[in-house]
There are 2 protein chains.
Amino acid sequence: MQCFIHPDIKDVTLEAVLYALADPARRAIVRALAADRACEGAGLSCHAAAPPDLPKATVSQHYSKLRAAGVVRATRKGVSVIHTLRCDELNAKFPGLLPAILEAVEA
Amino acid sequence: MQCFIHPDIKDVTLEAVLYALADPARRAIVRALAADRACEGAGLSCHAAAPPDLPKATVSQHYSKLRAAGVVRATRKGVSVIHTLRCDELNAKFPGLLPAILEAVEA
DNA sequence: TTGTTTGTTCAATTAATCGGAACAATCGAA
DNA sequence: TTCGATTGTTCCGATTAATTGAACAAACAA
């Protein structure tokens, strides 16, 4: 099994989080994960949270950046990789940032 | 005189704002402009708000992106170009976003 | 073992960024 | 007006990053 590497919250930088969330595809993923969380979901597979029509290699790279930035956490569940938002940790480290971005009305 | 083009606040996108603020040099500029504003300053010249040691061409490009994203406004004052943060407009359109980023502790 | 599903990694193309050099705008002084 | 100094901008080549098809890997069921 391949282990996913997640940064400790103390090593998460505003830099990386903003870069990660600046991309519309990654923001769509994060929005889907936030919605899932609000519905008491237990996380979503890569495909489930990603915008359709994106090549899977691209989707995979986006998740990779989100994990490296400390925005999401991944665990393997069978053949799928389940991602969850690191919501509480992020909100403790960067108060108000995630809500401000998620609640913003996109163009 | 060269006129600077600034998007109407209604055309400012989260996309562009996040891309603009994802860069550390541009964030440093925005922090300097926010500090100037807090001290009732009337704006800062390009060089005054930019981190030192950056080539002026690079600094100019950063300001260009900040203007295009709708984050700052520019007016020429003699030989200088004075920039100010579009603070109130941004906060009305994306509530809490700018404060969350400005108040975040950088790595 | 074989086939299916879900993601990752590799490698090549494409796009964006950086920064030196030349150019432009403004102003003060001769 | 003309020259020089100051402050930014634009151009363009070089470096760097993002995208994605194709091959590979991991888990599971039959």
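This structure is a prediction, so every number in the text was calculated from the model and none was measured. Each chain gets a letter, A, B and so on, in the order its sequence line appears, and its residues count up from 1.
A:Asp11 CG to A:His6 NE2: the interatomic distance, rounded to the nearest 0.5 Å, is 14.0 Å. Here the straight-line distance linking atom CD1 of B:Ile29 with atom NE2 of B:His62 works out to 6.5 Å at 0.5 Å rounding. B:Arg67 CZ to B:His83 NE2: the interatomic distance, rounded to the nearest 0.5 Å, is 4.0 Å.
Sorted by first and then second residue, the salt bridge (Lys or Arg N to Asp or Glu O under 4.0 Å) pairs with a member in residues 82-93 of chain B read B:Arg37-B:Asp88, B:Arg73-B:Glu89, B:Arg86-B:Glu89; sequence neighbours excluded.
Nucleotide C:dA16 holds its P atom 13 Å from the CZ atom of B:Arg26, rounded to whole Å. The NZ-P distance, from B:Lys65 to C:dC18, rounds to 6 Å in whole Å. With rounding to whole Å, A:Asp23 atom CG is found 13 Å from D:dA17 atom C1'. Between the CD1 atom of A:Ile29 and the C1' atom of C:dG7 there is a distance of 13 Å, rounded to whole Å. Rounded to whole angstrom, the span from the CZ atom of A:Phe4 across to the P atom of D:dA26 amounts to 12 Å. If you take CZ of B:Arg67 and P of D:dG8, they are 11 Å apart, rounded to a whole angstrom. Rounded to an integer number of Å, the gap from A:Tyr63 OH to D:dA18 P is 18 Å. Distance, A:Ile82 CD1 to C:dT8 P: 11 Å, rounded to whole Å.
Evaluated for a side-chain contact (heavy atoms from CB on, under 4.5 Å) with A:Leu90, the options A:Leu97, A:Val17, A:Val72 yield exactly one hit, A:Val17.
The base of D:dT9 is not paired with the side chain of B:Gln61 by any donor and acceptor separated by under 3.5 Å.
Side chain of B:Arg27 to backbone of B:Ala22: a donor-acceptor contact under 3.5 angstrom is found.
Counting any heavy atom pair closer than 4.0 Å across all strands shown, B:His62 reaches sugar-phosphate atoms only and no base atom. Across all strands, A:Lys77 comes closer than 4.0 Å to no nucleic acid atom at all (heavy-atom distances).
Put simply, A:Ser60 has no side-chain N or O that comes within less than 4.0 Å of OP1 or OP2 on C:dG7.
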Mind listing the N/O atom pairs, protein and nucleotides 1-6 of chain C, below 3.5 Å?
from	atom 1	to	atom 2	distance (Å)
C:dT6	O4'	A:Val79	O	3.4

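For the pair A:Ala49 and A:Leu44, the tightest heavy-atom approach, listed with the atom from each and the gap, is CB-CD1, 3.8 Å.
Positionally, the nearest nucleotide of DNA chain D for B:Val59 lies more toward the 5' end than for the other of B:Tyr19 and B:Val59.
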